[in-house]
Undergrad: 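Okay, handing you the structure first.
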Amino acid sequence: MGIHSLKSRRSFMPALLILLTLMTGNAFAVQSDSQTVIIRRGSIPSAQGSNQYYTGSVRIDQPFAAKQPARMAGEQVTFEPGARSAWHDNPMGQKIIILSGKAMFQEENGPVETALAGDVIWFPPRVNHWYGAAPDTAMTSMTLAEAVNGKNVNWRKAVTDEQYTAAANKKSQHLVITKSGSLPSGKGSPDYFTGSVRTDRLYSPNESPRPYGSLVTFEPCARTDWHSHPMGQTLIVTAGRGFVQEVGGPLHELNQGDIAWTPPDVVHWHGASPEKAMSHIALSEPAEGKAVTWGAKVTDAEYGASNPDEMPLRLQKISLIAAFTANGDIPRLKEVLVEGLEAGLTVNEIKEVLIHTYAYAGFPRSLNGILAFNDVMDEREKQSIKDVYGPEASPVASDKSKFQQGSDNLAALRKTVGIPPTARYAEFAPTIEVFLKEHLFADIFNRDVLDYLSRETATVGVLSNLPGVNAQLRSHTGHAMTQGATEAQMRHLFTVLGTYLGKERGDNALAVLEEVIASRKK
């Protein structure tokens with residue numbers, strides 16, 4: 001079956017994923033440049049479980065909800081030792097996938113039972129129950145429930161200490177525990193996959209009337225065929241690095257903790273990166289008894305194609321490293337530093353990005369970024385990961401003064417002929433013009449580890465993540481385009497930045513880009 005035989009049966013607006021924190025009532029919204037929506041790990045702040053619904057310390061992360069008519073929603077919930085939910089039921093039932101630690105749970109009039117990492121608990125519809133951590137062991141779970149008329153939980157009273165410590169002297173009548181390893185692993189059929197793929201069902205298909213859930217592991221280069229789902233699909237990346245792409249859309253990179261939502265009937269593929277395996281939980285709901293429609297193979301050319309309208313991956317990572325250095329978000333910076341190394345950046349190239357960043361974000365941010373990179377390298381060395389260091393910067397030799405070198409480099413960035421008019425700030429404070437030319441555009445831009453386009457990509461990353469610098473962002477976006485970045489590549493870069501930095505930052509950068517494009521056409 002070819003791709004074009006998978007035509008949409010319905011017409012959908014560009015996807016808007018409404019993220020519902022199931023237990024707290026908070027809401028978030030994320031948009032994408034295509035119908036596929038990516039929720040980056042850490043892009044949504046953690047929330048504390050309300051005392052109205054929980055006892056003890058409970059943290060909620062990465063909430064998601066499928067767009068209607070799909071009904072699946074979920075979140076990651078971490079219980080400290082002794083913490084638990086209140087009694088509650090779910091109109092379409094609830095699945096709890098234990099990710100780590102030891103869980104305790106109970107249905108009404110049943111015993112307190114336990115589960116460990118890898119186990120899956122199923123409470124059928126309208127069965128009153130609670131779940132949480134053991135007294136001495138924390139627990140993290142992925143909680144899944146379907147909504148009916150927009151509601152997926154009915155809360156009741158808190159679980160008392162006596163109920164929490166009750167002896168197991170009864171028998172559960174309704175809940176189902178699928179123990180880790182109790183269902184056989186399956187091998188991805190070559191009819192639907194390319195490469196080595198393993199599927200592990202999270203629960204038996206007869207446990208729920210609607211959702212399908214599997215843990216799918218792709219070895220490097222392995223991927224699905226083109227396919228679609230009548231009710232859409234949610235992917236929760238649990239390990240590694242991979243990609244998802246819809247027909248005619250951009251290639252979205254996926255890393256551990258990211259969540260991808262593809263709407264109903266959107267033809268797409270997903271799989272591992274060329275150099276690293278990926279595992280994800282795949283969730284989908286059937287319509288009329290069918291959960292997937294398969295299409296053509298994803299060819300090697302499609303899988304490995306370099307789209308000229310997309311910013312090259314290494315430049316995307318340069319921009320992201322600079323952006324998170326600029327705002328001091330060290331946990332997110334460490335994540336993109338690893339992504340940069342895995343995308344092929346050398347250690348010395350990343351060092352140079354961090355050094356370059358200080359000219360736009362200041363020494364404290366740059367030094368903190370360098371220390372964070374040092375931590376990342378120490379951790380990778382402990383894991384026996386050997387990264388490529390690459391060449392260091394060559395000594396700079398020139399007969400020109402630094403001021404002339406800087407002036408010449410700035411002219412090359414702008415591709416201008418002759419002497420541009422003196423900037424207004426230079427007339428008011430001439431010393432800053434000297435520092436700008438002699439240090440920034442001479443000392444820094446003369447260093448040869450990064451070319452001009454790489455440096456301008458780093459600069460727009462910094463400026464995209466700082467408020468109130470649109471004038472400078474316009475200027476350096478123009479510099480990046482004079483150095484060879486196309487309108488389409490800059491639009492793609494700012495869209496990618498938006499998925500990491502947030503919609504507000506991404507939209508602002510895209511608006512600045514449109515101003516630059518308009519001015520270049522005059």
Undergrad: Can you confirm whether or not the ring centre of Phe79 sits under 6.0 Å from the ring centre of Tyr131?
TA: yes

Undergrad: Do side-chain atoms of Glu285 reach the backbone of Arg71 as a donor and acceptor pair under 3.5 angstrom?
TA: yes

Undergrad: Dump the intermediate steps for salt bridge (charged side-chain N to carboxylate O under 4.0 Å, His left out) on Glu381 and Lys386, then the final yes or no.
TA: CA-CA 7 Å; Glu381 186 175 347; Lys386 297 188 180 298; over 6 Å; no

Undergrad: Would Phe218 and His280 count as a close aromatic pair, with their ring centres under 6.0 Å?
TA: yes

Undergrad: After noting the C-alpha distance and the side-chain angles of Arg41 and Asp258, does the key distance pass the salt bridge (charged side-chain N to carboxylate O under 4.0 Å, His left out) rule?
TA: CA-CA 5 Å; Arg41 176 177 61 177; Asp258 292 343; 5.6 Å; no

Undergrad: Tell me, which pairs form a salt bridge (Lys or Arg N to Asp or Glu O under 4.0 Å) where one or both residues lie in residues 490-500, sequence neighbours left out?
TA: Arg491-Glu514

Undergrad: Can you see which heavy atom on Val347 is nearest to which on Phe373, and at what distance?
TA: O-CE2, 3.6 Å

Undergrad: Output, in order, the C-alpha distance, side-chain angles, deciding distance and verdict of salt bridge (charged side-chain N to carboxylate O under 4.0 Å, His left out) for Asp507 and Arg505.
TA: CA-CA 6 Å; Asp507 285 353; Arg505 295 292 191 210; over 6 Å; no

Undergrad: Identify every side-chain donor-acceptor pair in residues 233-245 under 3.5 Å, counting partners at least two apart or on other chains, and give the distances.
TA:
residue : atom : partner : partner atom : Å
Gln233  : OE1  : His229  : NE2          : 3.3
Gln233  : OE1  : His268  : NE2          : 3.2
Gln233  : OE1  : His270  : NE2          : 3.2
Gln233  : NE2  : His229  : NE2          : 3.1
Thr238  : OG1  : Ser279  : O            : 3.2
Arg241  : NE   : Glu253  : OE2          : 2.6
Arg241  : NH1  : Glu275  : OE1          : 3.4
Arg241  : NH1  : Glu275  : OE2          : 2.4
Gln245  : OE1  : Trp269  : NE1          : 3.0
Gln245  : NE2  : Gly249  : O            : 3.1

Undergrad: Enter the distance from Tyr500:OH to Asp329:CG here, rounded to the nearest 0.5 Å.
TA: 13.0 Å

Undergrad: Is a donor from one side chain sitting under 3.5 angstrom from an acceptor on the other, for Asp61 and Ser46?
TA: yes

Undergrad: Are the side chain of Gln62 and the backbone N or O of Gly257 linked by a donor-acceptor pair below 3.5 Å?
TA: yes

Undergrad: Evaluate side chain to side chain donor-acceptor pair (under 3.5 Å) for Glu339 paired with Asn255, printing each intermediate quantity in order.
TA: CA-CA 8 Å; Glu339 292 174 17; Asn255 289 283; 3.1 Å; yes

Undergrad: Is it true that Glu80 and Arg59 have a side-chain N and a carboxylate O under 4.0 angstrom from each other?
TA: no

Undergrad: Charged N to carboxylate O under 4.0 angstrom, Lys351 versus Glu392?
TA: no

Undergrad: Using a strict 4.0 Å threshold on nitrogen-to-oxygen distance, state whether Arg380 and Asp375 make a salt bridge.
TA: no

